[in-house]
Amino acid sequence: MTDRVSQTAEVMALFRALETLESPRNRLFADPYAKRFLRPAGRLVLLLARLQPIRRRILRIIDRKWPGARTSAVARTRLVDDLLRHALKNGARQVLILGAGFDTRAYRIPEIATARVFEVDHPLTQAAKIRVISRAGAQRAAVTHVPVDFTRQTLDAALRGSDFDVDARSFVLWEGVTNYLTEAAVDATLRAISASVAPGSELFLTLRSSRPARWISAVRRRRRDPRARTRSR
């Protein structure tokens, strides 16, 4: 699973890097760090894509081969960026990113400087990301890396081992991970989120399931209940 998740993280980084090449007027966001996560093949694609006619051809090839993958990823990135900014503006003091992959919001969104960021991911993927971010010279003092293998460990146990504040209002992001997990693992993680965040917290997740409403209803019924924003896949 680790290889698949890491490959997915790199593909998402390529999509963000390609979007960043668009003009400031046309792009949905800019991610100056995304290109640093690419291996040689991805860097070559990005180099060629600097020429607009070639970039248009590359985007058509991607969109034809994987319909909706790039466009939905780009749109979702902008959506989450906006929701995160809104949550921070309304008092969120912590940002919890589950399966963080090569997410760079801790470094590219200025408003996040007011919050503490906790990134949860598999130790191998996390180590690779830390190396890249260190080489990039990105500065962000309040990022705590919490290593977790969701197939073998529980989120609540991992958070107890960190200094995550269960009484602080939080924004929780769980994007592009649930399709790699069993229903039992997803259920356990949602319950751990519910038990670990303060009232008024918000949750955004992508969920591939035939029964998403059952899970979200179960989480909402708990006393410590984040408002859930879901996208069923």
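The analysis underlying the following values was restricted to heavy atoms, covering all of them including side chains, and did not include hydrogens, waters or symmetry mates.
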Mind jotting down which residue pairs meet the salt bridge (Lys or Arg N to Asp or Glu O under 4.0 Å) criterion with at least one end in residues 99-108? Sequence neighbours excluded, please. Asp31-Arg108, Asp81-Arg105, Asp81-Arg108, Asp103-Arg105, Arg105-Glu175
Would you say Leu44 and Leu21 are hydrophobically clustered, going by side-chain heavy atoms of ILVMFWY under 4.5 Å? yes
Any heavy-atom pair between the side chains of Thr77 and Leu28 that's under 4.5 Å? no
Where do Thr144 and Phe164 land on the side chain to side chain contact (heavy atoms under 4.5 Å, CB included) test, with the steps shown first? CA-CA 9 Å; Thr144 299; Phe164 185 82; over 6 Å; no
Determine whether Val95 and Leu88 make a side-chain contact, defined as any pair of heavy atoms from C-beta on separated by less than 4.5 Å. yes
Decide yes or no on side chain to side chain contact (heavy atoms under 4.5 Å, CB included) for Val132 and Tyr33, but give the supporting numbers first. CA-CA 9 Å; Val132 171; Tyr33 302 104; over 6 Å; no
Enter the distance from Leu14:CG to Lys35:NZ here, rounded to the nearest 0.5 Å. 13.5 Å
Flag, side chain of Arg55 to backbone of Ala49, donor-acceptor distance under 3.5 Å: yes
Does Leu59 reach the side chain of Arg56, with side-chain heavy atoms less than 4.5 Å apart? yes
Inter-residue atom distance Asp187.CG - Thr189.OG1, 0.5 Å rounding: 8.5 Å
Are Arg191 and Ser194 packed together at the side-chain level, in the sense that at least one heavy-atom pair is separated by less than 4.5 angstrom? no
Parallel, tilted or perpendicular: ring planes of Phe37 versus Phe102, cut at 30 and 60 degrees: parallel
Correct closest heavy-atom pair for Glu119 and Gln126 would be O-NE2, 3.0 Å
Atom pair OG/CZ of Ser72 and Phe15 - distance to nearest 0.5 Å: 8.0 Å
Please tell me whether Val186 and Leu159 are part of a single hydrophobic cluster in this structure, the criterion being side-chain heavy atoms less than 4.5 Å apart. yes
Does atom CZ of Arg60 have more than 12 heavy-atom neighbours, drawn from other residues, nucleotides or ligands, at distances under 6.0 Å? yes
How far apart are the closest heavy atoms of Ala115 and Gln94, and which atoms are they? CB-N, 4.2 Å
Quick one, Leu38 and Leu46 - any side-chain contact, counting heavy atoms below 4.5 Å? yes
Ile109, Ile97, Leu173 screened by side-chain contact (heavy atoms from CB on, under 4.5 Å) with Leu84, the one that passes: Ile109
Measuring from atom OG1 of Thr8 to atom CE of Met12, what distance do you get when rounded to the nearest 0.5 angstrom? 6.5 Å
With no hydrogens and no angle check, is any side-chain donor or acceptor of Thr182 less than 3.5 Å from a backbone partner on Ala185? yes
Between Ala158 and Val148, the two heavy atoms sitting closest are CB-CG2, 3.1 Å
CG-CG distance between Leu190 and Leu203, expressed to the nearest 0.5 angstrom: 7.0 Å
Do Arg78 and Glu19 meet the salt-bridge criterion of a basic N to acidic O distance under 4.0 Å? no
Donor-acceptor contact present, side-chain Thr178 to main-chain Thr206, <3.5 Å: yes
Just do the side chain to side chain contact (heavy atoms under 4.5 Å, CB included) check on Asp121 and Lys129 with the steps written out, would you? CA-CA 10 Å; Asp121 209 341; Lys129 178 179 182 176; over 6 Å; no
Please determine if Asp163 and Arg116 form a salt bridge, counting it only when a charged side-chain N lies under 4.0 Å from a carboxylate O. yes
Minimal heavy-atom distance between Pro32 and Ala30, with the atoms involved, is CD-O, 3.7 Å
What distance do Leu18 atom CG and Arg70 atom CZ have between them, rounded to the nearest 0.5 Å? 7.5 Å
Side chain to side chain contact (heavy atoms under 4.5 Å, CB included) for Arg39 and Gln7? Distances and angles first, verdict last. CA-CA 10 Å; Arg39 284 178 283 189; Gln7 289 169 7; 4.2 Å; yes
Where Ala106 and Ile112 come nearest, the two heavy atoms and their spacing: O-CG2, 3.6 Å
Let me check something: do Ile54 and Ile62 share a hydrophobic cluster, defined by ILVMFWY side-chain heavy atoms less than 4.5 Å apart, either directly or through other members? yes
Can you name the nearest heavy-atom pair linking Trp174 to Leu181, along with the distance? CZ2-CD1, 3.6 Å
